[in-house]
Amino acid sequence: AQTLAHEFGHALHGLLSDVTYESLAGTRVPRDFVEFPSQVMENWMSEPEVLRLYARHYQTGQVIPEELVEKLEAAGKFNQGFITLEYMAASYLDMAWHSMTEPEEKDARSFEDAEMARLGMIDEIIPRYRSTYFAHIFSGGYSSGYYSYIGPRCLMPTPSRRSRRRTCSIVRPRPGSAQRSSPEAVPGLVWSCITSSVGARRRSNHCWRSAGSSRAADITP
């Protein structure tokens with residue numbers, strides 16, 4: 001159901017495009033925005049009003065019980081710190097492959113190990129995908145763009161159910177400020193991005209994005 005909702009978001013992005021130039025329609029937008037409509041749809045999929053439309057018992061037709069919905073919500077928050085670190089490791093691995101300026105043969109495992117060591121990743125957390133089956137960044141068209149899934153997660157307004165609300169700040173580094181955009185800053189970046197999703201005390205996500213941007217913006221969905 002989640003995958004269906006996700007891909008339907010991409011479909012809506014294309015179906016509802018109204019642009020002058022067809023080459024800019026649908027998902028032919030900056031990579032940072034490609035995954036936003038899809039994750040909006042994922043968010044709505046678990047709302048009570050939507051669940052009542054499809055989450056019914058296959059024999060009795062009974063709508064999914066509220067207590068089961070609460071269990072699903074609680075389970076969805078489990079291990080999010082680990083999951084986000086795993087995702088970010090894959091994003092940096094993607095960027096490392098596509099930062100090579102000259103063609104050369106590489107041993108994939110050695111390249112991955114070196115990149116994870118450079119980032120300071122612990123042995124217990126590895127990239128979500130190994131290079132040999134990392135389809136997103138090779139045949140999948142996300143070359144150097146796998147990071148784009150993290151933006152919508154930070155910007156996503158939490159559903160209003162039970163008055164939940166998320167505030168997100170995107171801090172873009174000033175010119176000449178390499179610290180926030182460097183791969184070495186990944187632990188701080190990851191920790192800042194995951195705090196609100198795992199219920200930590202901090203209220204905001206701080207997600208560092210492209211080093212070329214020069215202004216800071218606070219965004220409250």
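Keep in mind the model is a prediction, meaning the values are calculated, not measured.
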Self-check item: From NZ (K71) to CD (E66), nearest 0.5 Å
Solution: 12.5 Å

Quiz item: Ignoring hydrogens and geometry, is there a side-chain-to-backbone donor-acceptor pair from S148 to G145 under 3.5 Å?
Solution: yes

Quiz item: How far apart are the closest heavy atoms of P65 and Q62, and which atoms are they?
Solution: CG-NE2, 4.3 Å

Quiz item: Residues in salt bridge (Lys or Arg N to Asp or Glu O under 4.0 Å) with K106, at least two apart?
Solution: E104

Quiz item: Backbone N or O of N43 within a donor-acceptor pair of the E47 side chain at under 3.5 Å?
Solution: no

Exercise. Please find out if less than 6.0 Å separates the ring center of F36 from that of H13.
Key: no

Quiz prompt | Distance (rounded to the nearest 0.5 Å) between L119 CG and L93 CG | solution = 9.0 Å

Exercise. Group every Ile, Leu, Val, Met, Phe, Trp and Tyr by side-chain heavy-atom contacts under 4.5 Å, then state whether M100 and F134 land in the same group.
Key: yes

Quiz item: Are the side chain of S91 and the backbone of Y87 linked by a donor-acceptor contact shorter than 3.5 Å?
Solution: yes

Quiz prompt | Set of side chain to side chain contact (heavy atoms under 4.5 Å, CB included) partners for E124, sequence neighbours left out | solution = I122

Practice problem: State which residues pass side-chain hydrogen bond (donor to acceptor under 3.5 Å, both in side chains) with D107; sequence neighbours excluded, sorted by chain then number. | Solution: S110

Quiz prompt | Separation of L85 CG from I126 CD1 (nearest 0.5 Å) | solution = 13.0 Å

Quiz item: Can you name the nearest heavy-atom pair linking I150 to T84, along with the distance?
Solution: CD1-CG2, 4.1 Å

Quiz prompt | Minimum heavy-atom distance P127-A89, with the two atoms named | solution = CA-CB, 3.9 Å

Self-check item: Contact check, side chains of Y146 and M88, non-hydrogen atoms, under 4.5 Å
Solution: no

Exercise. Working to the nearest 0.5 Å, report the span between CZ of F82 and CG of N79.
Key: 6.5 Å

Quiz item: Are L4 and L53 in one and the same hydrophobic cluster, where Ile, Leu, Val, Met, Phe, Trp and Tyr link if side-chain heavy atoms are under 4.5 Å apart?
Solution: no

Quiz item: What pairs of residues pass the salt bridge (charged side-chain N to carboxylate O under 4.0 Å, His left out) test when at least one of them lies in residues 1-30, not counting sequence neighbours?
Solution: none

Quiz prompt | Those residues that, when tested against F111, pass ring pair (Phe, Tyr, Trp, His ring centres under 6.0 Å) (two or more places apart) | solution = W97

Self-check item: Side-chain heavy-atom pair Y147, Y92 within 4.5 angstrom cut-off
Solution: no

Self-check item: For L51, all residues meeting side chain to side chain contact (heavy atoms under 4.5 Å, CB included), sequence neighbours excluded
Solution: Y54, A55, I64, V69

Exercise. Apply side chain to side chain contact (heavy atoms under 4.5 Å, CB included) to Y58 and list each qualifying residue two or more places apart in sequence or on a separate chain.
Key: none

Self-check item: Residues that E112 engages under salt bridge (Lys or Arg N to Asp or Glu O under 4.0 Å), provided they are two or more places apart
Solution: R130

Exercise. Would you indicate whether the side-chain heavy atoms of Q2 and M45 approach each other to under 4.5 Å?
Key: yes

Practice problem: Identify, with sequence neighbours excluded, every residue that meets ring pair (Phe, Tyr, Trp, His ring centres under 6.0 Å) alongside H6. | Solution: H10

Practice problem: Could you pull out all residues at least two apart from S23 that satisfy side chain to side chain contact (heavy atoms under 4.5 Å, CB included)? | Solution: Y21

Quiz item: When clusters are formed from ILVMFWY side-chain contacts under 4.5 Å, directly or step by step, what else is grouped with L12?
Solution: F8, L16, M41

Practice problem: Locate the shortest heavy-atom distance separating G26 from S17; write the atom from each residue and the value. | Solution: N-OG, 2.7 Å

Atom pairs and distances, side-chain donor-acceptor, residues 136-144, under 3.5 Å, sequence neighbours left out:
unit_1: H136; atom_1: NE2; unit_2: Y149; atom_2: OH; d: 3.1
unit_1: Y142; atom_1: OH; unit_2: E35; atom_2: OE2; d: 2.2
unit_1: S143; atom_1: OG; unit_2: H98; atom_2: NE2; d: 3.4
unit_1: S143; atom_1: OG; unit_2: I137; atom_2: O; d: 3.0

